[in-house]
**Student:** 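Have a look at this one.
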Amino acid sequence: MHSLMRRAWVDIDLGALLYNATTIAEQAGVPLLPMVKADAYGLGAVAVARALDTLDPWGFGVATVGEGEELRRAGIARPIVVFTPLLTGDFDVAVRSDLTPTLGTREAIVRWSETERPWHLAIDTGMNRAGVPWDAVASLRDVLATHRPQGAFTHFHSAERNDATRTLQEERFAEALNTIPVRPAMIHAENSPAVEHRGPSPWSIVRPGVFLYGVSSGNAPAIAPRPVVSLRARVVELRTIAAGETVSYGGTYRAPAERRIATLAVGYGDGYRRAFGNRASVLVHGRRVPVLGMVTMDMTMVDVTNVRCEIGDAVTLLGSDGDDSIDLMELAAAGEISPYELLTGLRGRLPRRYVNASDA
Ligand SMILES: *Cc1c(COP(=O)(O)O)cnc(C)c1O
């Protein structure tokens, strides 16, 4: 794995990942069901799940049966809960790969129960996305009495705001749980921001995702994650442009004076978003310089007029270099996107390098 030869890559600090998982588990006081859906938010589900497996989580959460299958093939033996409703064709895969579906309709519950395998009841308390509406759980009492779920859960829509919407959802959840004939063994609700704000969990397990990968809700939470992901790209060309010249598509940057421009081998085809143009900064030998003009599919231009810079140098677009760092929240804000979108977008052409910075 010679990053020397790479045009652009993502560094993933597994030591920081484990620190974040340990931190959030201590705050919650219950076992984790780490969410590794969408290829662990773009970090690589197998590598992330293998690393987290050493912390003895209760299981893992994925979105699709395909994601669950991938983890099984990689040798993950714990429960794997699938959080997106199954399509008809998914049932066989779920059985074959020993996955635990989340179900929210009578038909799905009856059908899955023929397998006599565990499943979790999805209760919708206000997200209005998936699961049985909280006030309709009572209408499933008969089927829940004969086909008992291993677990029951809900999902908060605005936990990062730490406001009354979470309280309302918790009340609805409690009401729904009370109508289930036999209380399921595994009750769960909290995503990362809910654990950050809520402290010890009153339920059985928690379902953190983004906190593990280095993103905090940023709304005065009690705990803070360490950064996990860095994005780096090499300088592939250097040029000096005269005052009045423009840079990149649309000519949206115009040089006010002579400028030295470095071209980085990374673009929106790698998940470095077009919207970062003229708004984001990068670190060149630890010095912060601006992105000039629109980010293109494969290349991005930055201003290196006042910094040391040579062809082949590795530039940091996300992460730390020297004393400075560009974090996910800052970069996401520059593109007016969510840090979740930024993380899950860093894939495709970008090779991942797993490191352990705490060992370095
Ligand atoms: C994605 C997801 C989570 C994790 O959310 P984060 O905000 O990333 O911690 C938890 N539960 C469900 C059902 C999810 O879909």
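Note that ligands are numbered from 1 as they come in the structure, with each ligand's atoms numbered from 1 the same way. When a residue number appears, it is its place in the shown sequence, counting from 1.
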**Student:** Can you tell me which residue among D303, D324, D323 is in a salt bridge (Lys or Arg N to Asp or Glu O under 4.0 Å) with R288?
**Tutor:** D324

**Student:** Only heavy atoms of M35, strictly under 4.0 Å: list the atoms of ligand 1 that pass.
**Tutor:**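 Close to M35: 2 (C), 3 (C), 4 (C), 10 (C), 12 (C), 14 (C).
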
**Student:** When rounded to the nearest 0.5 angstrom, what is the spacing between CD1 in I205 and CZ in F153?
**Tutor:** 10.0 Å

**Student:** Rounded at 0.5 Å granularity, tell me how far OG1 in T240 sits from CD in E245.
**Tutor:** 11.5 Å

**Student:** Does ligand 1 have an atom that lies less than 4.0 angstrom from a heavy atom of F211?
**Tutor:**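 No, that is not the case, since the closest heavy atom of the residue is not under 4.0 Å from the ligand.
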
**Student:** Heavy-atom pairs closer than 4.0 Å: do any link ligand 1 to the side chain of S192, the backbone, both, or neither?
**Tutor:** both

**Student:** Mark up the atoms of ligand 1 that fall under 4.0 Å of a heavy atom belonging to P208, in ascending order.
**Tutor:**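 The atoms of ligand 1 under 4.0 Å from a heavy atom of P208 are 9 (O).
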
**Student:** Got an N/O contact under 3.5 Å between F83 and ligand 1?
**Tutor:**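 Between F83 and ligand 1 (N or O atoms, distance only) the closest approach is not under 3.5 Å.
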
**Student:** Have a look at ligand 1 and work out which part of A63, if any, has a heavy atom under 4.0 Å from it: side chain, backbone, both or neither.
**Tutor:** neither

**Student:** Would a hydrophobic clustering, with Ile, Leu, Val, Met, Phe, Trp and Tyr connected at side-chain separations under 4.5 Å, put V137 with M127?
**Tutor:**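 Different hydrophobic clusters.
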
**Student:** Students should be able to answer this: which protein heavy-atom is nearest to atom 7 (O) of ligand 1, and at what distance?
**Tutor:** Y340 OH, 2.6 Å

**Student:** Tell me whether ligand 1 is touched by Y213 - counting only heavy atoms on the residue side and a distance under 4.0 Å.
**Tutor:** no

**Student:** Tell me if the CZ atom of R148 is crowded by more than 12 foreign heavy atoms within 6.0 Å.
**Tutor:** no

**Student:** Of all the atoms in ligand 1, which lie at a distance below 4.0 Å from a heavy atom belonging to Y41?
**Tutor:** 1 (C), 4 (C), 5 (O), 6 (P), 8 (O)

**Student:** Decide whether R232 and T316 meet the rule of one side-chain donor and one side-chain acceptor closer than 3.5 Å.
**Tutor:**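 The criterion, which ignores hydrogens and geometry beyond distance, is satisfied for T316 and R232.
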
**Student:** Pull out every atom of ligand 1 sitting under 4.0 Å from any heavy atom of P193, numbered as shown with elements.
**Tutor:**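 Answer, ordered by atom number: 7 (O).
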
**Student:** Inspect the surroundings of CZ in R72 and state if more than 12 heavy atoms from other residues, nucleotides or ligands are less than 6.0 Å away.
**Tutor:**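 More than 12 within 6.0 Å, yes.
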
**Student:** Number the atoms of ligand 1 from 1 as they appear, then name those within less than 4.0 Å of a heavy atom of V210, with their elements.
**Tutor:** 6 (P), 8 (O), 9 (O)

**Student:** Among protein heavy atoms, which lies nearest atom 11 (N) of ligand 1, and at what distance?
**Tutor:**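 I find the closest protein heavy atom is R207 NE, 2.8 Å.
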
**Student:** On a heavy-atom basis, I'd like to know which of H155, K37, R129 is closest to atom 2 (C) of ligand 1.
**Tutor:**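 Considering heavy atoms of H155, K37, R129, the nearest to atom 2 (C) of ligand 1 sits in K37.
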
**Student:** Which residue and non-hydrogen atom of the protein lie closest to atom 5 (O) of ligand 1, and at what distance in Å?
**Tutor:**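 It is N191 CB, 3.4 Å.
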
**Student:** Would you call R172-D135 a salt bridge at under 4.0 Å N-O?
**Tutor:** no

**Student:** S192 pairs by side chain to side chain contact (heavy atoms under 4.5 Å, CB included) with which of L212, V210, I223, V215?
**Tutor:** V210

